[in-house]
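Side chains are part of it too, since the values below use all heavy atoms of this structure and drop only hydrogens, waters and symmetry mates. Please read these numbers as outputs of a predicted model, since none were measured by experiment.
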Amino acid sequence: RSAIELIPDKEPIIYRNFLEGLSARGIAVGYPEKTHLAFDARNLDLALIWRGAFIDASMHWNGRGQGRQRPLGDLVVPLVRGLPLAVLESGETQWPGDSAEKLGFRFRGYRFDKQRRPIFRYGSNVIDIEDDPQPVQDGSDTGFKRTLTITAKEPFENLWYRAAANAKIEKLDDGWFLIDDVLKIRVRCGTSEPVLRKVGNQSELVIPIFLKGKPTTIVHEYAW
């Protein structure tokens with residue numbers, strides 16, 4: 001079939017359709033910086049990041065529009081799946097495997113910043129989250145700087161953020177970690193220190209979040 005390439009030029013393109021590896025509520029966002037992402041509005045997770053070309057819409061815009069579309073660019077990097085926030089008894093507690101819905105979280109849409117970049121909104125009865133991934137370009141390097149702003153209706157101290165889960169996570173300098181020899185990440189939240197822990201046959205990078213009645217910010221950087 002003839003390709004229908006969507007090319008973000010002056011502002012981002014949002015493509016809401018069936019995407020490979022995501023639920024039926026996948027949202028792909030293409031940026032003029034040629035760094036793109038896919039967010040799963042059912043699982044409430046940032047599922048994929050890639051660079052180069054954005055997406056070919058011909059599968060869904062021709063004929064009956066069946067199937068799941070892959071990213072069009074190169075170096076597609078899958079990220080840790082599942083709700084990124086959870087209440088744990090301690091740093092050794094296993095990450096819950098239930099769906100975001102069973103854990104009481106809902107997708108609340110997104111709003112746009114001044115550059116028409118989407119900021120995803122989701123939360124529960126006690127927590128509101130704004131998830132703001134911004135593309136970063138530094139010379140030939142590409143990446144995202146993702147800022148999660150968490151507001152709680154009441155203080156509590158058992159909330160954790162999971163930044164990565166992989167068989168191979170290596171600690172680097174200046175707070176960076178290397179995931180599977182491909183992706184570098186760094187996560188910060190006030191004075192909290194990330195915890196690299198072993199869970200079964202894989203490692204997880206988690207960080208404690210302390211909510212004390214005012215908005216708390218997590219900054220998660222990706223470079224590849």
Side-chain angles (χ1 to χ4, degrees), residues 3-62 65 68-81 83-85 100 105-123 127-151 161 163 183 185-188 215-224:
I4 305 176
E5 182 181 351
L6 304 184
I7 303 175
D9 183 12
K10 295 181 180 180
E11 63 181 38
I13 293 176
I14 295 179
Y15 184 75
R16 302 189 64 165
N17 218 311
F18 294 102
L19 303 171
E20 189 173 86
L22 279 72
S23 75
R25 299 181 67 188
I27 304 172
V29 185
Y31 297 89
E33 291 84 355
K34 299 188 182 300
T35 306
H36 318 296
L37 62 83
F39 182 87
D40 195 318
R42 175 173 293 168
N43 297 318
L44 304 180
D45 54 16
L46 188 58
L48 298 172
I49 51 177
W50 69 97
R51 63 191 187 195
F54 175 43
I55 210 160
D56 174 10
S58 60
M59 176 183 290
H60 297 138
W61 289 5
N62 287 328
R68 293 185 177 272
Q69 184 61 58
R70 298 179 178 181
L72 189 58
D74 56 6
L75 201 56
V76 180
V77 179
L79 304 178
V80 57
R81 300 305 309 273
L83 188 67
L85 294 161
F105 283 78
R106 300 287 186 276
F107 183 59
R108 295 172 178 163
Y110 47 83
R111 65 179 181 86
F112 294 103
D113 66 11
K114 293 180 180 179
Q115 295 176 287
R116 295 288 297 173
R117 295 173 174 177
I119 300 172
F120 302 103
R121 303 175 64 248
Y122 49 95
I127 296 176
D128 295 318
I129 301 136
E130 287 206 337
D131 195 336
D132 181 11
Q134 296 283 341
V136 174
Q137 270 194 325
D138 183 10
S140 60
D141 293 334
T142 59
F144 277 100
K145 183 176 181 180
R146 180 186 185 189
T147 303
L148 296 95
T149 303
I150 307 169
T151 305
Y161 174 76
L183 176 68
I185 69 169
R186 182 168 60 180
V187 58
R188 292 168 289 173
T216 299
T217 299
I218 304 169
V219 178
H220 188 164
E221 298 171 89
Y222 305 82
W224 76 103

Contacts of Tyr110 that satisfy side chain to side chain donor-acceptor pair (under 3.5 Å) - sequence neighbours left out: none
Test side-chain contact (heavy atoms from CB on, under 4.5 Å) applied to Val29 and Phe120, step by step: CA-CA 11 Å; Val29 185; Phe120 302 103; 4.0 Å; yes
Ring geometry between Phe39 and Phe107 (parallel below 30°, tilted from 30 to 60°, perpendicular above 60°): tilted
Nearest heavy atoms of Pro8 and Phe54, plus distance in Å: CD-CB, 4.0 Å
Any side-chain heavy-atom pair of Ile27 and Ile14 under 4.5 Å: yes
Close side-chain approach of Val187 to Ile185, heavy-atom, < 4.5 Å: no
Interatomic distance, Leu75 atom CG to Ile49 atom CD1 [nearest 0.5 angstrom]: 8.5 Å
Validation row: Ile4, Asp56 side chains within 4.5 angstrom (heavy atoms): yes
Results of side chain to side chain contact (heavy atoms under 4.5 Å, CB included) for Asp113 - residues two or more places apart only: Gln115, Arg117, Ile119, Gln134
Atom of Trp50, atom of Ala38 and distance for their closest heavy-atom approach: CZ3-N, 3.8 Å
Set of side chain to side chain contact (heavy atoms under 4.5 Å, CB included) partners for Pro78, sequence neighbours left out: Leu48
Counterpart residues, salt bridge (charged side-chain N to carboxylate O under 4.0 Å, His left out), relative to Arg70 (two or more places apart): Glu20
Phe105: partners by ring-ring contact (aromatic ring centres under 6.0 Å, His included), with sequence neighbours left out: none
Partners passing side chain to side chain contact (heavy atoms under 4.5 Å, CB included) against Arg121 (at least two apart in sequence or in another chain): Arg108, Arg111, Glu130
Spacing of Glu33 atom CD and Phe144 atom CZ [to the nearest 0.5 Å]: 8.5 Å
Check against side-chain contact (heavy atoms from CB on, under 4.5 Å), Leu37 and Tyr31: CA-CA 9 Å; Leu37 62 83; Tyr31 297 89; 3.5 Å; yes
Glu5: salt bridge (charged side-chain N to carboxylate O under 4.0 Å, His left out) partners, not counting sequence neighbours: none
Those residues that, when tested against Glu221, pass side chain to side chain donor-acceptor pair (under 3.5 Å) (two or more places apart): Arg186, Arg188
Test side chain to side chain donor-acceptor pair (under 3.5 Å) applied to His36 - qualifying residues, sequence neighbours left out: none
Shortest non-hydrogen contact between Leu183 and Trp224, atoms and distance: CD1-CB, 4.0 Å
Gln69 vs Asn17, side-chain contact (heavy atoms from CB on, under 4.5 Å): CA-CA, chis, key distance, verdict: CA-CA 8 Å; Gln69 184 61 58; Asn17 218 311; over 6 Å; no
Tyr122: partners by side chain to side chain donor-acceptor pair (under 3.5 Å), with sequence neighbours left out: Asp131
Side chain to side chain, Val219 and Arg146, heavy atoms closer than 4.5 Å: no
Tyr161 side chain near Ile150 side chain, heavy-atom distance below 4.5 Å: no
Partner set under side chain to side chain contact (heavy atoms under 4.5 Å, CB included) for Glu11, not counting sequence neighbours: Arg116
Pairs meeting criterion side-chain hydrogen bond (donor to acceptor under 3.5 Å, both in side chains) with involvement of residues 38-48, two or more places apart: Ser23-Asp40, Asp40-Asn43, Asp40-Arg81, Asp45-Arg81
Atom of Pro118, atom of Asp132 and distance for their closest heavy-atom approach: O-OD1, 4.4 Å
side-chain contact (heavy atoms from CB on, under 4.5 Å) between Leu44 and Ile129, worked out: CA-CA 11 Å; Leu44 304 180; Ile129 301 136; over 6 Å; no
Where Ala28 and Ile55 come nearest, the two heavy atoms and their spacing: CB-CD1, 4.4 Å
